[in-house]
Structures are given as structure tokens and as C-alpha cells.
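Input: a single structure, listed below in C-alpha cells.
Below, read A as the first sequence line, B as the second, and so on, with proteins coming before strands; counting in each chain starts at 1. Not measured: the values here are computed from a predicted model.
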Amino acid sequence: MLSEIVEAFREVQLPLLAVLLLLGAAAKTTRRAAGAGLAVLVPERLRRVSTVGTGLLEAVLGVGLLALTGLLGEAARTLTAVVFAVSVVVLVLVRRRDPEAGCGCFGGLSRAPVGWRTLARAGFLSAAALATLGLEPAGWQVIASTTPTHAGILGVELLFLALLSPEPRGVVARALHREPCGLREVPLRRTMRTLRHSDVWRVNEPVMLGTEPEDVWRQGCWRFLRYDGMRHGRRTDVVYAVRTGGSRRTAVRAVLVDRGSGTVVASFGAVTRADLPAPPRRLASPSEAARRDAWRHDEARAAASLRAAREHATVWDSMESEPDVRATDAPEPDTRGAEVRDTGNQDAGARGAAARNPKGRESTPAG
Amino acid sequence: MSVITGVERNRRGFTAAVLGAESAPEPTPLGHRVTRGVVVSANSRMLCLAVPGGEERFMYDRTTTFWRGGDVGPGELRTGDDAIVLRVPGGHPIAERVWSQAARATGVIVSRDGDTLEVDPGHGRPRQTVVLPYRTSGRISVRHPRLEPGYVFDAVGVWWEGTVRAIRPATTQPPHPLSATPHRPPTRRPATTLSGIATWYDPAWGRSPHMDPRAHVHGAAYPALDPVGHDAGCDRRASCVPLPLLSTGAILSLRNDCTREAAAIPVVDCAAADSWLCDLCPACGGQAAGRLASLTMTSFVALGGRLEDGCFNATVTVHDGEG
């Protein structure tokens, strides 16, 4: 059983190495491949040549591993082992020469600096090529007669190689991770689209004189756009700030600045400047918030408010039961408004009015 | 190009109105300690400079030092020299240090002819001719082993007949040509406070500093300018410091980590060449690599920098009203 597994392991290496070599060769033909791996060690004019040469060698070896048997096959396998062993040395030199350079094994994908994983992978592949020496079938014959054992070993080995390789990590990191908003280059078109879909834009549209910004600038996560505007007959600068990341609804702020005096006459979309218990998306739980706000709570006032509310409710209940009373009360808002206007001038008078008419006029304790 | 316009000055006010005053503080006035002008006369007791408003005279004290490609005596300043004077603290017209004909060539080497280099500073600035005198060529080549086209060059020197005579290297040359700069991994964590080094550049190219308003601008050229709203030609690359994108008119709060002097400095220009280099500053032993900004000559001196060192360790803070 064990000997079968070992035999299958040796056989699996042939197609695996061939596919890796062919993939590497294909990746080295891309433009971004130059400037990594062996190319770091050679003069500028030979960089492209060395990259393409390495790619060609890999292609030849890959085809050789797949197609050749006998003495030629043995030669291809030995050469593959030697190439991977030499690449370990080359990568060590590359790392010493330029610690930031990538290995270039899979062209532009291998841009991560050469680390122990890359070196270990090259060493492992060299050993894998040595293990194929003396095998009877060629690579294509192994593929043609694949057994479940082969598939299982291949799966485990691919997983092992994926763990050793920096490339899948780089691809996943690039796919999952977005650059911080302050560093991200965003086209003006996208900013304009966010802006024009926002409520802040719609509210200020009547003020603006043109639809194209007079000035555009950037401050970290925010892009600013200034428009000419006219408000109540005075020239005004309408300045929008559009966030380059984040949700669409909270992403736009605006201020209207009087051009003559430079004062801010209105602002839109800004969030409170008061200290919040946490960033706005993570508000405290109701019980926690209640505990924090406990100092605001005034027992006597709350009791008075509750009493007033109850009395108010009984009044409304009685009014609903007698519809004709509601009809006679209809002109009341006018008199109430007059009362507010009269007492508005004198604070003492207002307090007197409140004392005269305590029904439902008190503010809530939370307010 | 590097003089801040009225439009850009308003940007600061509008930014402050939207994001809060700390995101765009008022620029710190730096002019009281530094004067730049043309030497009218210099003798062993007094230096007279032609400045935009007329003439200004400076006395020396025992500690006054003079630099003209190296430490020199006051008699070696020549009439017509471009001079920068750092005054003693306290507002007296006494010079603490005087730099004469200071020049800097930062950029990528375009061509080489014997000991003459042509350096392209990038972002639309005129190319400079740099001469490597025999006396200093050894010192330069220790830190610039490849004086070939395509490689980066940065040296401090003196103006001499329209060319820069390189005196001392201002960086260690990267081992690869600019076109083969390795890819930098993307930044994970955003930060509003960044450490690195600040360098200097001459916005007036050493020409008639008593007439040119650019010679007296206090500001900084910034390597991470937003391409939108900025003239093309700022060929920025991924800097090795995660600098937030800004536009001209934004304010950097910059601190000199060597002398602890700090100032709010407006961004006046692009410094794409700063994003090409990822170097350390040996001036006071800092460990943070990467260039944050190129200050104008006068701002650099006002913040305690020494032009011949070429850099100081700095910390930059850019608030964007969040956290």
C-alpha cells in the first residue's frame, strides 16, 4: 500500500511540475514580468532577454516532462531539478541585492518580496523533480491513467504548494483589501455622480449658477468642489465635500459661504460635533445609553411631565367622546398663537402663562 | 507655478468651513527668521543683501558661520551671490548662519558626458546640468555608484555659471533604475500622522532671488498631489510613505524631529521626485524612511534645517476631519 502511494506521489510530480512550468512560462511573457527575479541581477539591457529566456527554458522543460520518456525524459527531469535548485541560489542573491524585489516566478503575480516561502517552494519543487528520476511513464501517460490515489495526492500537494506560495495571498489580499480612502485615486466622474445623486445637491440646486465646478481640490478622504451661487441677491460660494469612500447617503456635505464677508451662511450634511459614545455606526445599546444619560434624569420633572401627559390624555379622551366640543374648539390655534406672540416679548409673562395653563405645555425631561 | 494663488488660498478657508478648523489651520508665518536676497556687499563685519523691499543689513557675532560649498569666511561671499540668512532668535539683525549659492539637483539622470550630468527633476521643471568636480566626485560616487541614464541622482552643491557643482550627496542611490522600481505593497492602515524625512528645493532656481516672488514663498512641494485639479506632469509613483492625497493650497502640519520646531505649511507645488526615493536621513539619526515633502529653501531653513545636509527627520500631520 505504502509503496503504491509513493509510486503515485512520484508519478503525480510529472504533470504537476509540467503545468507549473508552463504557467510560469506563460506569465513571463507579460510586460509586467520584467524587473523581478533573475532580471534584478543582470544589466538593464539584458533584463527583458533574461526574463524571456527563462520563460522559454521553462516551456521547453514543461513540454519535455509531459512528452518525453527514456533517456531524453530523464535528461528533462534532471534539468528541471537543476533549474529549481539554481533558482534557490538566484533568489537568495536577488533578496540580498534588492530586498524589495519580487521573485517573478509567475510574472506580474509574484511581486511580493522574496521570502522563506518562495525559497522553500523552489527547494521543494527541485526535490519533486529529483523524485521523478527513473520513472517509466511520461507526463501525458500519467494524466491518461489517473487513479483516485493520484487525485488525492495531487489535491494535498496543491494545498501544500498554495500555503507555501505568496501569489494566492497577494491575489486574495488585493481582491479583499481596498486602499484607504485618503490614498485612493478617484476619477472626478465618480465624485460628480455621487454628488448629483445626493440630497445635499438637490437642496442647493436653486442656489447654484452653473453646473460645472469652478474649482476642485482634495483633502485626504474628501474631494471638494466649489460652485458659484446666488442666495438672496448675494454672491455665494457653494462648496461641496464628497467623501471618496463610505455610504452614499452620508458622503456629501456642503457649506454656503458669503463671498463678500466670508461667513458660512448655511451648512448641510455635517454630523454633530458633540462627542458621541462611539463612531455613529456603533451606537451604544439602549440600556448602556440610558445609564450614561442617567445624570440628565430629573425625577420631579419626569413625574410632573407624566402627570401632565395623563391629564392631557383624559382631556383628549373626553373630547373624542364629544365631537361637538372639538368643533367649537376649532378657532383655538389662533388665540394660542396670539398668546405666544404676546408673551414672547416678556419672559416673565411667558412663565406666568405657563403657570396659568399647565396642561401639556411642559417640555419633556429628555428635551 | 509654485506661488500660491488667491484661489488656492480660499481652498484653505473652505476646507476649514466644512471639515473643521484643525483640518486647515492658518499657515505659520516663518519670514521673521529667514531672509533671502542677493549679496550687495560683504566684508568681515557686515553683510548687505538686496531683498524685494530694498536692502537689508546683517551684523555677525562670534558664532556666525558661512557656507559656500563648504564652511568659508565672510570675505568669500561675492557680490551677486544668492544668499540665505538665518537670523539669531530675538529679531536682531544678526546672522546666525549664511548660505551662499546653495543649489540642489534632484531627479533622474538623462545623459552623461564625462563629469557632466543632465538631470531631469520631473513634473515639468527645467532640466539641470550638474558638474561633478574632481574633488567631490569620490564622495558622490560612494553613494551614487551608477551615474548612468535612468538612475536617480540627488546632491547638494553650489551654483556656478548656470550649472550645479555637486558638493555632497543628499541620498543613497537606489540600486535599480527608476523604471525598474519595485512594486510597493498596498497600504493597510490609514494614518493622519506620518514620519519620514523632509527635504528642500529651490523654487526660483537661484536666479535673481531679490526680484522673484517665488524665492520667498514659504511652503512645501508635496509628492502625493491629487491628479484631478492639478496640471498634468506630476508623474507620481507609489511613495513608500502612505501619504494622503492633497491638492495645492492644503496645509501640512510639519515638525522637525531634530529641533522640535513645528509649523503649518501650505502645499504649493508637486514633488514627484520625492515619491521616487525611499531613503533615510542621516542628519540626526532617524529611522523613518521615505520623503514626506520638499520644503522651499526658506521654509527649510526657518524650520531649523541645514541646506548642506539636504534633509531632516520630520513628522507630518494631515487632518481630514475624521478622528
B/L243, part contacting chain A, at a heavy-atom distance under 4.5 Å =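 Looking at B/L243, just its backbone touches chain A.
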Output, in order, the C-alpha distance, side-chain angles, deciding distance and verdict of side-chain hydrogen bond (donor to acceptor under 3.5 Å, both in side chains) for B/T15 and A/W217.
-> CA-CA 9 Å; B/T15 308; A/W217 71 99; 3.0 Å; yes
Evaluate the side-chain contact (heavy atoms from CB on, under 4.5 Å) criterion for residues A/R218 and B/L225: first the C-alpha distance (whole Å), next the side-chain angles of each, then the deciding distance (0.1 Å), finally the verdict.
-> CA-CA 8 Å; A/R218 177 87 180 248; B/L225 282 191; over 6 Å; no
Heavy atoms only: give me the nearest B/A17-A/V255 pair and the separation to one decimal.
-> O-CG1, 3.8 Å
Who pairs with A/R96 by salt bridge (charged side-chain N to carboxylate O under 4.0 Å, His left out), at least two apart in sequence or on another chain?
->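 A/R96: no salt bridge (charged side-chain N to carboxylate O under 4.0 Å, His left out) contacts found.
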What residues, two or more places apart in sequence or in another chain, satisfy salt bridge (charged side-chain N to carboxylate O under 4.0 Å, His left out) together with B/R146?
-> none
With side-chain contact (heavy atoms from CB on, under 4.5 Å) as the test, would you mind laying out the steps for A/E185 and B/L245 before giving the verdict?
-> CA-CA 8 Å; A/E185 282 189 12; B/L245 292 174; 3.9 Å; yes
Would you say A/R235 has more than 12 foreign heavy atoms packed within less than 6.0 Å of its CZ?
->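 Count over threshold, so yes.
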Determine, stepwise, if the pair A/R226 / B/F14 fulfils side-chain contact (heavy atoms from CB on, under 4.5 Å).
-> CA-CA 9 Å; A/R226 181 176 68 81; B/F14 292 137; 3.2 Å; yes
Hey, which of A/A241, A/G262, A/G220, A/P213 has the most heavy atom pairs under 4.5 Å with chain B?
->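 Winner by heavy-atom pair count: A/G220.
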Output for pair (B/I251 CD1, A/Q219 CD), nearest 0.5 Å, gives 8.5 Å
